[in-house]
Amino acid sequence: MDPLKKLFQEKSTTLKAELKAFSKEHRNTKIDEVTLGQTLGGMRGVKSMLWETSKLDPIEGIRFRGYSIPELKEILPTREGCKEPLPEGLFWLMLVDEVPTKEQVDWLSDEWERRSDVPSHVFDLLETLPEGTHPMTQFVLAISAMQTDSVFAKKYFDGMGKNDYWDATYEDTMNLLARLPKVAAYIYRKIWKDGDHLSPDNSLDWAGNFAHMLGYGDDADFKSLMRLYLTIHADHEGGNASAHTGHLVNSTLADVYLSYAASMTSLAGPLHGLANQEVIKWIIEMTEKIGTKTPTNDQIAAYVQATLDAKKVIPGYGHAVLRKPDPRFTAQRLYAKEYIKDSTYCNIVWQLFEVVPPILEGLGKVKNPWPNVDAHSGAILMHYGMDQYSFYTVLFGVSRALGVCASLCWSRALGMPLERPKSMTYESLKEIINAS
Ligand code: HAX
């Protein structure tokens, strides 16, 4: 058994036993009450699922196994010559709740390289898609197509017992994570680089090799960016739409490939991950409308107002949980200030940071007027020449697999049941209200 899997088995066996006793003792203890507003308002804040890999605080933002983003930058192993954390390290941390050594992270890079062969029918399928198929649609289809290789699906068909679900889920997770960069890079170069695909550079780490396969092999800074980007987008506790979708689908014992494909259909919505494409599209349209790439704050404010008047949201602003600027936004801002310094689009992003919050606050209904993770990423990618913004959500999707799939391993190891909340009709809600 590989060292990470062995560690995961030990940790999850212990927690499973603890959780069983905990659940038995406290099964009937009330931990939450649900209001009508929550039932009709997108279930905000309802404490309804177990998610071990990260936790989101409305003010402080995300913590991965207790560590904030600045702390991750301190503790996770890095590659020589690069300050940014290696996402392999975050996956290790999320999966087994231990900060890995550099040696362990190097093992994981090699292990993912070893598992990274993508079945040829996945590429064949992508080649059949009509021109103009959105990269996220291609990504979802490619992930689903890899399901032919699911260890879980095969073993389930062959009669696997429930005590082995975790093992098969771990195998699928490791294989999927190993392959995603290759699949994403294939989609990118098929659409925008005439199908001129690049062989992997196996001397590189997971994110560095991804940057290389996208076509940025000679750009050390872009490789650094990918290490940071794939780290900070990896998880945002379990209630966000993509994580929750993956969790729900996996609870039916659909394997990791099907569950993660579903997760990505959710990420592809403009109120969620697709917002990273929407932000830069909206900024480009703004510069075209105003007629300059160096607009004043007043010009920007007028454009923001026009967007709101047209009954549209300001992409990259607001959040269902956060009530302060997103630390993932801040991490990217710090990156840009250090590595990029002067960029047209980053400058506009920073102007928006001054202009948008007071306008949104003035509406009197927006709970969080601050920027989220998607407000910044596109401007940085534009700086490096990646202006194909419909690809941006795929980058997000490669990263999000780290957290979601680590959590799926936990769900199966802990024997979490089929998820099945209660829906209500209007009549039944009225009955409850009338009786209260
Ligand atoms: N621009 C304009 N109006 C906004 C707004 C924004 N950025 N954010 C919230 N509002 C509005 C809502 O549309 C809602 O209006 P109505 O009552 O008229 O329907 C009102 O303010 C209250 O909403 P809320 O409670 O503050 O926010 P929600 O929890 O309902 O929604 C969203 C959270 C992220 C969906 C929302 O802020 C939004 O649409 N933001 C823009 C899209 C975006 O950036 N999405 C990415 C979020 C981060 C993420 O998941 N990344 O992957």
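Numbering of ligands and ligand atoms starts at 1, following listing order. These numbers were taken from a predicted model, which means no experiment stands behind them.
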**Asked** Side chains of D235 and T53: do they bring a donor and an acceptor to under 3.5 Å?
**Response** yes
**Asked** Is S150 reaching over with its side chain to a backbone N or O of Q147, donor-acceptor style, under 3.5 angstrom?
**Response** no
**Close approach of V366 to ligand 1, heavy atoms, under 4.0 angstrom** = yes
**Asked** For atom NZ of K289, is the number of surrounding heavy atoms from other residues, nucleotides or ligands below 6.0 Å larger than 12?
**Response** no
**Message:** Is it the case that the side chains of T393 and N276 hold a donor-acceptor pair, with the cut-off being a distance below 3.5 Å and no angle test?
**Reply:** yes
**Complete:** closest protein heavy atom to atom 42 (C) of ligand 1 is P270 O, 4.1 Å
**Item:** Flag, side chain of E237 to backbone of W51, donor-acceptor distance under 3.5 Å
**Value:** no
**Asked** Between H247 and H244, how do the two ring planes meet: parallel, tilted or perpendicular, split at 30° and 60°?
**Response** tilted
**Asked** Relative to each other, are the rings of Y165 and F152 parallel, tilted or perpendicular (30° and 60° limits)?
**Response** tilted
**Complete:** Checking heavy atoms under 4.0 Å, the part of A320 that sits near ligand 1 is both
**Those atoms of ligand 1 less than 4.0 Å from some heavy atom in A275** = 43 (C), 44 (O), 45 (N), 46 (C)
**Prompt:** Within the distance-only criterion (no hydrogens, no angle test), does the side chain of E419 pair as donor or acceptor with the backbone N or O of M49 below 3.5 angstrom?
**Reply:** no
**Message:** Regarding ligand 1, does H272 bring an N or O atom to under 3.5 Å of one of the ligand's N or O atoms?
**Reply:** yes
**Asked** Quick check: does I314 get an N/O under 3.5 Å from an N/O on ligand 1?
**Response** yes
**atom 25 (O) of ligand 1: any protein heavy atom closer than 4.0 Å** = yes
**Geometric cation-pi criterion, K182 with Y186: 6.0 Å, 45°** = no
**Item:** Which segment of L267 sits under 4.0 Å of ligand 1 when only heavy atoms are counted
**Value:** neither
**Item:** Residue and atom name of the nearest protein heavy atom (relative to atom 41 (C) of ligand 1), distance in Å to one decimal
**Value:** Y317 O, 3.2 Å
**Request:** Ignoring hydrogens, tell whether any protein atom lies closer than 4.0 Å to atom 47 (C) of ligand 1; use the non-hydrogen atoms only.
**Result:** yes
**Asked** With ring centroids as reference points, do H319 and H236 lie under 6.0 angstrom apart?
**Response** yes
**Message:** L271 versus ligand 1: do any nitrogen or oxygen atoms come within less than 3.5 Å of each other?
**Reply:** yes
**Prompt:** Taking only heavy atoms of F396, which atoms of ligand 1 are found under 4.0 Å from at least one of them?
**Reply:** 52 (O)
**Asked** Can any side-chain N or O of Y384 pair as donor or acceptor with the backbone N or O of Y216 at less than 3.5 Å?
**Response** no
**Asked** How close does the nearest protein non-hydrogen atom get to atom 19 (O) of ligand 1, and which residue and atom is it?
**Response** K365 NZ, 4.9 Å
**Request:** Could you list the atoms of ligand 1 found under 4.0 angstrom from a heavy atom of L308?
**Result:** 2 (C)
**Item:** Any protein heavy atom nearer than 4.0 Å to atom 12 (C) of ligand 1
**Value:** no
**Asked** Counting N and O atoms only, with roles assigned by atom type, does the side chain of T148 sit under 3.5 Å from a partner on the main chain of A145, one being a donor and the other an acceptor?
**Response** yes
**Complete:** Ranked by distance from atom 51 (N) of ligand 1, the top protein heavy atom is D374 OD2, 2.6 Å
**Request:** Around atom 27 (O) of ligand 1, find the nearest protein heavy atom and jot down its residue, atom name and distance.
**Result:** H319 O, 4.5 Å
**Message:** Does any N or O of ligand 1 fall below 3.5 Å from an N or O anywhere on G316, backbone included?
**Reply:** yes
**Complete:** For G273, the atoms of ligand 1 under 4.0 Å from one of its heavy atoms are 52 (O)
**Message:** Counting only heavy atoms closer than 4.0 Å, does ligand 1 sit against the backbone of R44, its side chain, both, or neither?
**Reply:** side chain
